[in-house]
Number of protein chains: 2
Amino acid sequence: MNKVLPVFPLFLSDISAIYNPTSLMIWNVPIDVRDGKVAPVTGKRRASTNVTIIDIAREAGVSKSTVSLVLKGSTLVADETRDRVSRAMSKLGYVYNRGAANLRGAQSSIVGMVINDLSNPFFAELAIGIERVLRTSGYIPFIANTAESVVRQAEVVRSMREHGASGIILSPALDTDGREINSLLDLGMPIILAIRRVPGARASLVASDNMAGAARVTQHLISLGHRRIAFLGGMGAMAVRKDRIAGFTQALEEVGLRADPALMLESMPTKDGAFTAMSALLSRPDWPTAVVCFNDVVAIGVMQALSRKGLLPGRDMAITGFDDTTEARQVSPPLTTVSVDAGDLGERAAQMLLRQIAAGNQTTETYIGEARLVVRESCCPPPRERKVS
Amino acid sequence: MNKVLPVFPLFLSDISAIYNPTSLMIWNVPIDVRDGKVAPVTGKRRASTNVTIIDIAREAGVSKSTVSLVLKGSTLVADETRDRVSRAMSKLGYVYNRGAANLRGAQSSIVGMVINDLSNPFFAELAIGIERVLRTSGYIPFIANTAESVVRQAEVVRSMREHGASGIILSPALDTDGREINSLLDLGMPIILAIRRVPGARASLVASDNMAGAARVTQHLISLGHRRIAFLGGMGAMAVRKDRIAGFTQALEEVGLRADPALMLESMPTKDGAFTAMSALLSRPDWPTAVVCFNDVVAIGVMQALSRKGLLPGRDMAITGFDDTTEARQVSPPLTTVSVDAGDLGERAAQMLLRQIAAGNQTTETYIGEARLVVRESCCPPPRERKVS
DNA sequence: AAGATTATTTGGAACGGTCTAAATACCGCG
DNA sequence: CGCGGTATTTAGACCGTTCCAAATAATCTT
């Protein structure tokens, strides 16, 4: 269990840049420019008047050790003493200092959650799910948004380590390197990857069944009569995209069709990226009759591109999404999509992390959430079929 | 400046419940149930092999004081020494321990951001804006979601204090008491209220110009010919609602109209709440020709209620929103609304907080962001008018 | 009533940094 | 070479908690 942990190469090459306050505070905090020299501002210390455990001890007429025991809810202290101490605490307005506590070996109660894009409602739901169980378990989450930047991600993770996080739930930025994750694991830091798996990383994973979901939605289109189906969105390197394409391809092959590489287009997984890619597709001669989109956001961009051309999604072309975000319901026509319960995945991830922190071991678990097809109104049969009916 | 701070009544009455791990960890963390007694789990300590400043000092052949100086980017150390220390740090995989540092007076680099509803895209944008400037300034944000619960909010704030947050940006939960805010301020904790003002609180505020925005959107409807205009959504106690109603009323009175109390309906500021309230309104005889909605989310709920009745928003009744979330654009018809740049407000709030932390004083500032009318397609003239044209 | 037990309480050494005051090294100069 | 001054470095107290070992108090036993 207590194997010697290997010495670890840091994420960021230049360490000093990170601590050096002068290089960081320049942004907006006023700088003390006395006698021509730029000096870092020395703010006030702790905000509050510091009432410590010792003050409490004095007030209650006991030793600080006893106060500490009360704090930890130990059964050792006499009831009468506990009361006295509790009263002293509220009388003096005591605030527990976790920094000091962690210093001396108490299990730190903070865990990090690193989210690649908090403005995407899907990930926001995920974050809220995580927070929900973390908080009810007495942990306090450190949420950070990396905006798909691996540099930011590395900074954020470092920051969390500095603050003594006892574990991290990571929804990784786009081209996260599996080796970075592994080196963190080697250090003994429990990590749960959420939503996106990272090739080469040994960390536990909580994600949805991308392959089955994509297969299901593709089968749905096939059953409507579609034969020329495009897959649009996501970048080539994304593992999630690979999984969804695998499901897409599989569904096609099950009925003896082949996925046409000319109909598998990449795009950034944003509305604008999808709009551009779909517009390009529509400028070519031979349109598909249906488009399986990488996710809901992409699907919405695709719909906008269709509208721009005067086409009506759900009448002139079938469109599907993935994730079932709240937007999928609101868009017009409502989007047929694959439902992934982001909040639930978040809860699972948090539970898995807590379990690993408590157990102290590093078993690699995987949870794959179900992907349910949700049929709404964005899918029509292909034109030919409709003429027949 | 250094006035004596008053002794402070705690937010939560029963303190011990907060620290007592046995009462908190029961949720999901395995409990050690040996010989019938429930014992709190004693997890592993710090995740990483602890390389400390002293190890670095030994490796580099200097004293720990010198290493500390290097860490702080002091100009006192010789370049050659600094190099040697830096090399030792990366060689041993050193991780700065902020908990320890804060203990001895270093300015804590964490600030809290408490958001009432992170699943609302408007607040998500706000959070991202805040995070953006905080992070570039070397601060690390603690994000927490209160889900409109004042109890949760109190817990969260306490947790942040325990972790030594040097300031808090608070987007307050619905019925936050101004006195709680004030007692926190009295303690010397800088607080910036975001979006929602809290009556009675002396804290600084960053919000949008609700009154002007509501007046502007109402004027727009009046200019289209509407005379019977309803205001729907928000609960009576919400300050934001009061402000928007004030603007609404003012715009009506400017042209000699009076706001009809029978047309000012409350609802929870959610889609469902709005749906219910609007359905109730539609079951009454004398409909308004236009509805000013409390915000975009409410407007979407109102639209759904209309559709349910077979009415088309933007043709049979004019609907407006507030906030200009991304959904406002995606909904059909696209929503005429008041644009509030949530990201920008977040940045302002963060800058204001950093300024107050640095200055150490407690001036009460207020920033009111502009509210721009954005005309889309959800507003038509009233039926009569249309017949004329 | 003296031990033996069991129930409480406590002193004091950590933990990993920061900070002040003082020590030491280095330099140019008379 | 000794001196004053500047540039670097360092010892050691301290921050607020935890935790172990040991002390003290209370209760039983015989």
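Order of the sequence lines sets the chain letters (A, B, ...), proteins ahead of strands, with each chain counted from 1. Since this is a predicted model, take the numbers as computed values, not measurements.
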Looking for any heavy atom pair under 4.0 Å, which part of the strands does B:Val62 touch: base, sugar-phosphate only, or nothing? sugar-phosphate
Side-chain contact check for A:Ala101: nearest option of C:dT18, D:dT17, C:dG17 is D:dT17
Considering only side-chain heavy atoms of B:Ala78, which listed nucleotide, D:dT8, D:dT18, C:dT10, is closest? D:dT8
Go through B:Tyr96 and B:Leu71 one step at a time and tell me if the side-chain contact (heavy atoms from CB on, under 4.5 Å) criterion holds. CA-CA 9 Å; B:Tyr96 186 68; B:Leu71 247 31; 3.8 Å; yes
Can you tell me whether the side chain of [X] and the base of [N] have a donor-acceptor pair closer than 3.5 Å?
X        : N      : result
B:Ser63  : D:dA11 : no
A:Lys64  : D:dT18 : yes
B:Arg104 : C:dT18 : yes
A:Ser65  : C:dG12 : yes

Side-chain H-bond candidate by donor/acceptor type, A:Ser63 with A:Thr66, under 3.5 Å: yes
Donor-acceptor pair between A:Ser65 and A:Ser68 side chains, under 3.5 angstrom: no
Quick one: [X] [atom1] to [N] [atom2], roughly how many Å, whole number?
X        : N      : atom1 : atom2 : value
A:Arg82  : C:dT9  : CZ    : C1'   : 13 Å
B:Arg58  : C:dG16 : CZ    : C1'   : 13 Å
B:Arg98  : C:dC15 : CZ    : P     : 22 Å
B:Glu162 : D:dT18 : CD    : P     : 11 Å
A:Asn102 : C:dG16 : CG    : P     : 12 Å
B:Ile54  : D:dT10 : CD1   : C1'   : 13 Å
A:Met89  : D:dG16 : CE    : P     : 17 Å
B:Glu80  : C:dA25 : CD    : C1'   : 14 Å

Every protein N/O lying under 3.5 Å from an N/O of nucleotides 4-6 of chain C:
none

Between [X] and [N], does any side-chain N or O lie under 4.0 Å from OP1 or OP2?
X       : N      : answer
B:Thr66 : D:dT10 : yes
B:Asn97 : C:dC15 : no
A:Asn50 : D:dG16 : yes

If we only count heavy atoms from C-beta on, is the B:Val95 to B:Val51 side-chain gap below 4.5 Å? no
Does some side-chain heavy atom of A:Ile143 sit less than 4.5 Å from a side-chain heavy atom of B:Met113? no
Got a second to check how far B:Ile56's CD1 is from B:Arg87's CZ, nearest 0.5 Å? 12.5 Å
Show the nearest heavy-atom pair for residues B:Val111 and B:Ala165, with the distance to one decimal. CA-CB, 4.4 Å
Between the side chain of A:Thr364 and the main-chain N/O of A:Arg202, is any donor-acceptor distance below 3.5 Å? yes
DNA chain D: 5'-proximal contact among B:Leu76 and A:Leu69 (nearest heavy atom): B:Leu76
Walking DNA chain D from its 5' end, the first of B:Thr81 and B:Leu103 to be reached, judged by nearest nucleotide, is B:Thr81
